[in-house]
Protein chains: 2
Amino acid sequence: MALKVTKNKSPKPPIGCDLTECMSMLSGAWAPNVIWHLRSGARRFNELRIDIPPVSAKVLSARLKELQERGIIERNVMPTSPPSVEYQLTELGMELVPALQAIVEVGHKLKMRD
Amino acid sequence: MALKVTKNKSPKPPIGCDLTECMSMLSGAWAPNVIWHLRSGARRFNELRIDIPPVSAKVLSARLKELQERGIIERNVMPTSPPSVEYQLTELGMELVPALQAIVEVGHKLKMRD
DNA sequence: GAATTGAGTTACCCTGCGGTAACCTGATGT
DNA sequence: ACATCAGGTTACCGCAGGGTAACTCAATTC
């Protein structure tokens, strides 16, 4: 056989927190889309439903709640009537935008490559 | 009521391809982990199983196959006996690493923030 | 000749997550 | 008086996707 556990010894100096845990920030259906559509400013619940077409109210509201708990977005109720609710990225949330952008760029290149 | 569809008109100049589609590059359990663990070089099937503890052979092999089809990783069979198989990131695949890194950094900050 | 190894594959089960549809609340417009 | 609107919530259902366990195959070593 000859090898078994040669060279490679799992080169992982704990960078901070583990990937799985960090990636779970973006977990749940439409989570990245929500962040993406908030990248250019606050939007309201029903606007987001239209922005992200096949998302159901149930899932959107669940996702918004989670993202808020994770510290990625903020919820502000506007004293109109009926009250409308605006969601926007927190400062940390905004830091995710370039990361998503980078992913989109790679995705784009992969599509062009054939 | 007063508003209905005020100001915001979905500020989306199609950046290239849509987010959902691009994000699907990373879809499936453990996909980001596979990329992450290949970031510092090629690794073999059973090494990856050990690197990413609770992944089953079935899912790992499915994920590797998908990532390969997507053009993110390459598979090389080494003529040893029994043959061992090395997986490594393609050039496009490597471009995903900084994006994942950025996400990890935000995740880390969120954890520290309390 | 039996056991081990690497790299999977297959059959089976089971759960969680998302979709659909209906409903709610309080203030306003007609 | 009634419908409408914003922003949800709730009950129910279905299935895709992951886990487990057992098996394969060929070459090698004991």
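In what follows, every chain begins at residue 1, and chains take the letters A, B, ... in the order their sequences are listed.
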Separation of [N] [atom2] from [X] [atom1] (nearest whole Å):
X: Tyr87(B); N: dA7(C); atom1: OH; atom2: P; value: 8 Å
X: Asn46(A); N: dG8(D); atom1: CG; atom2: C1'; value: 9 Å
X: Arg43(A); N: dA6(D); atom1: CZ; atom2: C1'; value: 15 Å
X: Phe45(A); N: dC5(D); atom1: CZ; atom2: C1'; value: 14 Å
X: Glu86(A); N: dG8(D); atom1: CD; atom2: C1'; value: 17 Å
X: Arg75(B); N: dG6(C); atom1: CZ; atom2: P; value: 16 Å
X: Leu60(A); N: dT20(C); atom1: CG; atom2: P; value: 14 Å
X: Asn76(A); N: dA6(D); atom1: CG; atom2: C1'; value: 16 Å

| query | Do the side chains of Ile72(B) and Val106(A) get nearer than 4.5 Å, heavy atoms only? | reply |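 SC-SC contact between Val106(A) and Ile72(B) ruled out.
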
| Between Leu64(A) and Val85(A), is any pair of side-chain heavy atoms under 4.5 Å apart? |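 Side chain of Leu64(A) against side chain of Val85(A), heavy atoms only: no contact under 4.5 Å found.
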
Side chain to side chain contact (heavy atoms under 4.5 Å, CB included) with [X]: which residues, sequence neighbours excluded?
X: Asn33(B); answer: Leu19(A), Thr20(A), Trp30(B), His37(B), Ile52(B)
X: Ser61(A); answer: Phe45(A)
X: Ala99(B); answer: Ala102(A), Ile103(A)

| said: If you compare every side-chain N and O of Ser61(A) against the phosphate oxygens of dG7(D) (OP1, OP2), does one of them come in below 4.0 Å? | reply: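 No.
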
Under 3.5 Å, which N/O atoms of the protein pair with N/O atoms of nucleotides 23-26 of chain C?
none

| Inter-residue atom distance Leu38(B).CG - Leu96(B).CG, 0.5 Å rounding |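 It comes to 11.5 Å.
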
| field | CD-CG distance between Glu21(B) and Leu110(A), expressed to the nearest 0.5 angstrom | value |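 Spacing of CD (Glu21(B)) from CG (Leu110(A)) equals 11.0 Å.
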
| Those residues that, when tested against Gln88(B), pass side chain to side chain donor-acceptor pair (under 3.5 Å) (two or more places apart) |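 For Gln88(B), the residues satisfying side chain to side chain donor-acceptor pair (under 3.5 Å) (neighbours in sequence not counted) are Asn76(B).
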
| message | Within the 4.0 Å limit for protein heavy atoms, which parts of nucleotides 16-21 of chain D are touched? Write it as a string from 5' to 3', B for base, S for sugar-phosphate only, - for none. | response | --BBB-

| Bending between helix ends of the helix from dG1(C)-dC30(D) to dT30(C)-dA1(D) [5 pairs per end, 10° resolution] |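 If I round to tens, the end axes sit 10° apart.
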
| Residue list, salt bridge (Lys or Arg N to Asp or Glu O under 4.0 Å) with Glu95(A), at least two apart or on another chain |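 Expected list: Lys109(B).
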
| query | Picking from dT9(D), dT9(C), dG8(D), which would you name as closest to the side chain of Lys65(A)? | reply |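 Out of dT9(D), dT9(C), dG8(D), the nucleotide with an atom closest to Lys65(A)'s side chain is dT9(D).
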
| message | Please find the pair of heavy atoms, one from Ser24(B) and one from Ser27(B), that lie closest to each other, and give the distance. | response |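 Taking Ser24(B) first and Ser27(B) second, the nearest heavy atoms are O-OG, 2.9 Å.
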
| Taking only residues at least two apart or on different chains, which pairs with a member in residues 61-73 of chain B satisfy salt bridge (charged side-chain N to carboxylate O under 4.0 Å, His left out)? |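 Sorted result for residues 61-73 of chain B: Arg63(B)-Glu66(B), Glu66(B)-Arg70(B).
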
